[in-house]
Student: 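After the structure tokens below, expect a handful of questions from me.
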Number of protein chains: 2
Amino acid sequence: MKSNQITIKDIARELDISPSTVSRALKDHPDISPKTKKQVRELAEKLNYQPNSIALSLRSSKSNTIGVVIPQVVHFFFSTIISGIEDIAYAAGYSVMVAQSNESYDREVMDTKALFNNRVDGILVSMSRETTDYGHFESLHNRGIPMVFYDRVCDPIDCSKVVVDDFDGGYRATKHLIDEGYKRIAHLAGPDSLHMFRQRLEGYKKALQEHGLPIDESLILAENASDDENVAKKLTEHLLELDERPDAIFANNDIAALGAMITIKEHGLKIPNDMGIVGFSNWRFTSLTEPTITTVAQPGFEMGQEAARLLIAAIEAKKDEVITSVTKVLKTELVVRGSSVRG
Amino acid sequence: MKSNQITIKDIARELDISPSTVSRALKDHPDISPKTKKQVRELAEKLNYQPNSIALSLRSSKSNTIGVVIPQVVHFFFSTIISGIEDIAYAAGYSVMVAQSNESYDREVMDTKALFNNRVDGILVSMSRETTDYGHFESLHNRGIPMVFYDRVCDPIDCSKVVVDDFDGGYRATKHLIDEGYKRIAHLAGPDSLHMFRQRLEGYKKALQEHGLPIDESLILAENASDDENVAKKLTEHLLELDERPDAIFANNDIAALGAMITIKEHGLKIPNDMGIVGFSNWRFTSLTEPTITTVAQPGFEMGQEAARLLIAAIEAKKDEVITSVTKVLKTELVVRGSSVRG
DNA sequence: AACGTCATCGCAAACGTTTGCATAAACTAC
DNA sequence: GTAGTTTATGCAAACGTTTGCGATGACGTT
């Protein structure tokens, strides 16, 4: 069984008219007689004709496809973003091509090239951890293909970006703890190299300052790996051994928050009464622990949606040449749960 | 700045030779003189020529793209599968187009149609929960486009499939509990409608029988929703109130296992000494609870890889016409943790 | 009768690439 | 010097679709 895709030519031959007439009839062109239109439409229906979008792409140099470069699909936050992208793209008639960089710079370079070769109409990208050279982005950008960065953005490239307000997230988390009456709030910070972690730290500091609390550097401990609960456990041990131990911990991510929580409980302290905890990211498990963990929800779905919207707008407004780059900052949402509210 | 994609024609014009010569030179055709080849290659390099794969697709009627229909990208298991698919596809030079059905039959129908219109070379699909009519699959299959089902397979369609051995997973989980000395093992079963949940239940039963333990229907409670810990909590309450309460629970998924664990602890019972627990799926949090939860790991990544391999094989062997359909059954892996091993 | 106006349709080019065939020049062999 | 062979290149068609322009014929108008 060979592939029997029916083309406009088949319909034309069958009806003994020209392909052009078929094409026009199919799009209800006024030049075509109602009778011919009817014939064409009925035959197309009967044969289940589907336009060959590759031919369309070639002719119009538009593929109606957007490429997505993503560090890791398996991470909840990122897969949520994909979901948001897919949502908007689908509604706008675009297909989504996904390329996973696996946090590798080399893969990222190849991915962008592959997507470009596939003639995607635009590219959404979140940088890999390794990426420090931006040549591949610049080259794409210079060729005029629309791109939008999301989450891990590349500042030097002049295009639209969507980020989450990590500063505000850190601020809200800390302010919440303050509002709940905690006085000595520690912070388990993420690796200094990543922008978002620094922002969360800054938000934390601002909240303290704004409420007249001192910034005690001995209460700010940095993890080098943000996904390892054991590191968080060790840091928490350290915090608990301080002469003046903290009465709350704001962790840069939920895994760390959980690690802290486990350690605190091991020391016989009660959460939230003896110590409050707030995490970051709203992982699924935070609503399943005892107590449930207060955390900062990142708007992954909305981020994907917004990035897709910006990209599609850039793609479709390309004729006008006046695509002003915007940077959307999405607000986080504090999800208050048991680990930070004293009865 | 209009899109300045360099084509073979540009190179030809520049060098004052014909496009055919350029094309041949680029693929090292023996007809072309070394001198010309050198010139062409150097100019192509300099101009950073990239072949237009849309034109290639049109000519060869091969897009080097595979379509993936997936119920939900945000689920860990599914995103892991995507990762596996992407891994193999990338290595084989294919791009991956993702369409999310959101568990909706209508979306699934539109997704398959959209992928077909985009002329993907083959399709990987996992059915939505709603799907009971298979017309859209049949129509694709009749058109001769290769497809492979993964996880949620469609039995009536004659094509390759990749599933995980839920029966064996249920068996192993239960056998493990038996081996650890538990005697009265309850099962929190998933909704009866889904094949995989029935399989896990059957594996559970087989393990009991094989070890001379009675199958007590009062210890088998079905959830209607498999993602809600509250349901699991209620069912566990019920189990604990039985005259002869079970001394272990095999839950059909990790959320349920966690719900059970919380409830058991609330009743003052010790895990694993008073009661053992095994979950299913190896969610991230299962290694972060107290105690950590023994669970059955599903090989999502391998499943994606295997499905992609089978599909690509089918695509590339199409000339031979002898594509025998195979059904791959992937084994699960028991991850033994704290919730089921008495000290 | 000659001309203009429509309505309806086909031709051909174009998108970028590949490839069978023809062509031209250059060389070999007698 | 003629025929034959090799080497290197170009032409044109094809993939499926769209679209500007031209063609055809019917009809109405003077």
Side-chain angles (χ1 to χ4, degrees), chain A residues 2-41 43-44 47-65 116-121 143 145 318, chain B residues 2-41 43-44 47-65 93 116-121 143 145:
Chain A
K2 48 178 307 205
S3 65
N4 289 320
Q5 321 297 27
I6 320 117
T7 76
I8 264 192
K9 294 187 182 179
D10 298 325
I11 299 180
R13 198 176 326 109
E14 186 95 5
L15 258 37
D16 202 32
I17 55 180
S18 84
S20 355
T21 305
V22 176
S23 170
R24 279 189 261 253
L26 253 16
K27 16 190 47 108
D28 211 22
H29 193 286
D31 269 6
I32 306 300
S33 73
K35 184 181 147 223
T36 307
K37 279 183 189 167
K38 188 157 173 288
Q39 285 182 326
V40 169
R41 273 200 284 254
L43 187 57
L47 264 39
N48 194 12
Y49 164 77
Q50 301 281 18
N52 183 327
S53 51
I54 291 190
L56 286 177
S57 297
L58 181 58
R59 175 144 228 283
S60 61
S61 51
K62 179 135 188 347
S63 62
N64 275 291
T65 300
F116 172 77
N117 281 2
N118 274 345
R119 295 300 191 273
V120 293
D121 292 334
R143 283 164 189 267
I145 121 152
K318 238 194 136 187
Chain B
K2 46 177 311 204
S3 65
N4 290 322
Q5 322 296 29
I6 319 118
T7 76
I8 264 192
K9 294 187 182 179
D10 297 325
I11 299 181
R13 200 177 322 110
E14 186 95 4
L15 258 36
D16 201 31
I17 54 181
S18 84
S20 355
T21 304
V22 177
S23 170
R24 280 188 261 252
L26 253 17
K27 9 192 51 105
D28 210 23
H29 193 286
D31 271 5
I32 306 299
S33 72
K35 183 180 146 222
T36 308
K37 279 184 190 168
K38 186 157 175 289
Q39 286 183 324
V40 170
R41 274 202 282 254
L43 186 57
L47 263 40
N48 193 13
Y49 164 77
Q50 302 281 19
N52 183 327
S53 52
I54 291 189
L56 285 177
S57 297
L58 181 57
R59 175 142 230 282
S60 61
S61 53
K62 181 138 186 347
S63 61
N64 275 292
T65 299
F116 173 77
N117 282 1
N118 275 352
R119 294 302 190 271
V120 293
D121 292 335
R143 282 165 190 269
I145 122 152

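Note that the coordinates shown come from a computational prediction; the quantities given were computed from them, not determined experimentally. Proteins get letters first, then strands, A, B, ... in listed order; numbering begins at 1 in each.
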Student: So how far off straight is the helix from dA1(C)-dT30(D) to dC30(C)-dG1(D), going by the axes through five pairs at either end, to 10°?
Tutor: 80°
Student: Heavy atoms, side chains only, cut-off 4.5 Å: are T65(B) and N118(B) in contact?
Tutor: no
Student: Pick the nucleotide of DNA chain D nearest each of H29(B) and R119(B); which residue has the one closer to the 5' end?
Tutor: H29(B)
Student: Specify the closest pair of heavy atoms between R143(A) and L47(B), including all atoms of both residues, with the distance to one decimal.
Tutor: NH2-O, 4.5 Å
Student: With a non-hydrogen cut-off below 4.0 angstrom, is K9(B) in contact with a base, only sugar-phosphate, or nothing?
Tutor: base
Student: Starting from P on dA7(C), measure out to CG on D28(A) and report it in whole angstrom.
Tutor: 15 Å
Student: Do N64(A) and S53(A) make a side-chain contact, defined as non-hydrogen atoms from C-beta onward lying under 4.5 Å apart?
Tutor: no
Student: Evaluate T7(B) against N52(B) for side chain to side chain contact (heavy atoms under 4.5 Å, CB included), listing each step before the verdict.
Tutor: CA-CA 8 Å; T7(B) 76; N52(B) 183 327; over 6 Å; no
Student: If you pin R59(A) and R59(B) to their nearest nucleotides in DNA chain D, which one's is more 5'?
Tutor: R59(B)
Student: Test of understanding: with side-chain hydrogen bond (donor to acceptor under 3.5 Å, both in side chains), list the residues that count as partners of K9(A), not counting sequence neighbours.
Tutor: none
Student: Under 4.0 Å from any heavy atom of chain B: name the first and the last nucleotide of DNA chain D that qualifies, 5' to 3'.
Tutor: dA8(D) to dG16(D)
Student: Give me the atom names and distance for the closest heavy-atom approach of Y49(B) to I8(B).
Tutor: OH-CG1, 3.5 Å
Student: Taking all atoms of both residues into account, what is the closest heavy-atom pair of P19(A) and A12(A), and its distance?
Tutor: N-CB, 3.6 Å
Student: Would you mind classifying the nucleic acid contact of S20(B) as base, sugar-phosphate or nothing, using non-hydrogen atoms under 4.0 angstrom?
Tutor: base
Student: Applying salt bridge (Lys or Arg N to Asp or Glu O under 4.0 Å) as the test, list every pair that has at least one member in residues 49-61 of chain B; sequence neighbours left out.
Tutor: none
Student: Under the criterion side chain to side chain contact (heavy atoms under 4.5 Å, CB included), I'd like the reasoning laid out for V40(A) against I32(A): C-alpha separation, chi angles, the key distance, then a yes or no.
Tutor: CA-CA 11 Å; V40(A) 169; I32(A) 306 300; over 6 Å; no
Student: Hey, does S23(A) reach any base, or is it just sugar-phosphate, or nothing, if we go heavy atoms under 4.0 Å?
Tutor: base
Student: Pick base, sugar-phosphate or nothing for I54(A), based on heavy-atom distances below 4.0 Å to the nucleic acid.
Tutor: nothing
Student: Under 3.5 Å, side-chain donor or acceptor atoms of residues 22-31 of chain B against the rest of the protein: list the pairs with distances, not counting sequence neighbours.
Tutor:
unit_1: D28(B); atom_1: OD1; unit_2: K37(B); atom_2: NZ; d: 3.2
unit_1: H29(B); atom_1: ND1; unit_2: D31(B); atom_2: N; d: 3.0

Student: On a heavy-atom basis, which atom in N48(A) and which in I6(A) lie closest, and how many Å separate them?
Tutor: O-CD1, 3.6 Å
Student: Taking only heavy atoms on the protein side, list every residue of residues 31-41 of chain B lying under 4.0 Å from any atom of DNA chain C, sorted numerically.
Tutor: none
